[in-house]
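Presented below is the structure to which this report refers.
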Protein chains: 2
Amino acid sequence: MEQAVRADARRNRARLVEAARRLFAEVGIEAASMNDVARRAGVGPGTLWRHFPNKEALIAEVVGESLDELAELADELRAAGAPDGVRRWTSALLQHIASYRGLAASLAHASDDLLAGRCVASEQALARLVEHARGTGELRADVTGPDVSRLTTAVAWAAEAAGGPQAAKRLLDLVFSGLTDRAECPP
Amino acid sequence: MEQAVRADARRNRARLVEAARRLFAEVGIEAASMNDVARRAGVGPGTLWRHFPNKEALIAEVVGESLDELAELADELRAAGAPDGVRRWTSALLQHIASYRGLAASLAHASDDLLAGRCVASEQALARLVEHARGTGELRADVTGPDVSRLTTAVAWAAEAAGGPQAAKRLLDLVFSGLTDRAECPP
DNA sequence: ACCTGAACACCGTTCAAGT
DNA sequence: ACCTGAACACCGTTCAAGT
């Protein structure tokens, strides 16, 4: 029997994640310190560090589910053959990043496996969607998954710094018109 | 007579700026702490804070000249009527931001007058250039100065996080093709 | 007028001591 | 097996004391 996880440990872990989620939402990911999270959860700092080896692991736990959903969404859009699949996926990514201030930076600089791994998974799903979209003509033939991912994250970051959600939409529109096939001119 | 600035004060200030410049270049703007800069310059922390009320003011001193040059460049390109003026200006901005790791974030989040003011000056010059470029057809008619500024900074930020200078060029190419007038289709 | 450096509250991180 | 909380080195920032 390996089920040696104690009840108080499970409770503490749940409390920590919930405290992190709230603090991230209130003050942003960057401004929320590990000690703050622990205090908010009512445990000592050591307990937080025992459950999560670093801040990125904590972020991964808080936003991981959403990242998984984005990966699923990419596959769904591809399977459904939506003609504006990539466009819709990038909107979803934009919306997700907007849910916590500082998340764009966290994702872009992810170095811990727990966070970076989940990013990779959703980026692979995006790559498949992009591949498909080049076939349907939604995207120019030379556009890659990383192109789309980087530009969308960049737009989210810029909009967070200035302009807010409206700016995000505006900038994504501009970027996207560059990724789209030019209007074909019949001779 | 108002020239009450002591010789040692002038020397200390120069040393501080030089120390900051080097430290920013070595470890990046974010990782360079104020205490590090003071130590490196061989003065006490208090002396640094006396000369610069906050870190942004120090950054402004280090990169201010380059920002001023970017403003001048915008006006020159406009005066010269270069057909690819905006494109060349954005390349210059990209290159400038690449000179210190973390500079994109510093510029985007500038809140202190000493830094934000210099950003505004160069953005106003860019706005004039963009206005002109819409006339020549380099840019779509609805593209604004802030559009160009935000997207270029965003690209610089993304490339810093992953991909480096080549990625920066690639992403800027993609973005720019979205800002450019569509190839006109004669009926 | 300017510099010094000790001081304060804080942060990330660790670890001996407990149960 | 897990939690606690003191502890360390650090950071941003201030300020009394010096010259």
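Side-chain atoms are counted along with the backbone in the values below, which use heavy atoms only and exclude waters and symmetry mates. Letters A, B, ... mirror the listed sequences (proteins, then strands); counts begin at 1.
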Any Lys/Arg nitrogen of [X] or [Y] sitting under 4.0 Å from an Asp/Glu carboxylate oxygen of the other?
X: A/D112; Y: A/R118; value: no
X: B/R39; Y: B/D36; value: yes
X: B/R22; Y: B/E26; value: no
X: A/D142; Y: B/R170; value: yes
X: B/D75; Y: B/R78; value: yes
X: A/E61; Y: A/R13; value: yes
X: A/R140; Y: A/D147; value: no

Subject >> Contact nearer the 5' end of DNA chain C, comparing B/A9 with A/K55 >> reply: B/A9
Check the interface with nucleotides 17-19 of chain C: list each N/O to N/O pair with the protein under 3.5 Å, or write none.
none

Original post:
D/dC3, D/dG12, C/dG12: which one has an atom nearest the side-chain heavy atoms of A/D8?
Top reply: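 Among D/dC3, D/dG12, C/dG12, the one nearest the side chain of A/D8 is D/dC3.
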Given atom [atom1] of [X] and atom [atom2] of [N], what is their separation to the nearest angstrom?
X: A/H51; N: D/dC2; atom1: NE2; atom2: P; result: 7 Å
X: B/E30; N: D/dG12; atom1: CD; atom2: C1'; result: 14 Å
X: A/R13; N: D/dC3; atom1: CZ; atom2: P; result: 11 Å
X: A/L23; N: C/dC11; atom1: CG; atom2: P; result: 10 Å
X: B/L16; N: C/dC2; atom1: CG; atom2: C1'; result: 13 Å
X: B/W49; N: D/dC11; atom1: CH2; atom2: P; result: 12 Å
X: A/I29; N: C/dG12; atom1: CD1; atom2: P; result: 14 Å
X: B/L48; N: D/dT13; atom1: CG; atom2: C1'; result: 11 Å

Original post:
Judged by atom type as modelled, is there a donor-acceptor pair below 3.5 Å linking the side chain of A/W89 to the main-chain atoms of A/L70?
Top reply: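 Yes, A/W89 side chain to A/L70 backbone: donor-acceptor pair under 3.5 Å.
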**OP:** Say whether, by atom type as modelled, one donor and one acceptor occur between the side chain of A/T47 and the main chain of A/V43 under 3.5 angstrom.
**Re:** no
Subject >> Base-pairing assignment for C/dA1 (Watson-Crick or G-U wobble, both under 3.5 Å) >> reply: D/dT19
Subject >> D/dC11 pairs with, by Watson-Crick or G-U criteria that keep both distances under 3.5 Å >> reply: none
Original post:
Counting any heavy atom closer than 4.0 Å, what does B/R39 reach on the DNA or RNA strands: base, sugar-phosphate only, or nothing?
Top reply: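 Sugar-phosphate, no base atom in range.
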Original post:
Across the strands shown, which category fits B/N54 at heavy-atom distances under 4.0 angstrom: base, sugar-phosphate, nothing?
Top reply: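 The answer is nothing, as B/N54 stays clear of every strand by at least 4.0 Å.
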**OP:** Give me the ring orientation class for A/W157 and B/H109: parallel if the planes are under 30° apart, tilted from 30 to 60°, perpendicular past 60°.
**Re:** perpendicular
**OP:** Please determine if a side-chain N or O atom of B/S33 lies less than 4.0 Å away from the OP1 or OP2 oxygen of D/dG12.
**Re:**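 Result: yes.
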Subject >> Contact state string [nucleotides 4-9 of chain D, B base, S sugar-phosphate only, - no protein heavy atom under 4.0 Å] >> reply: BB----
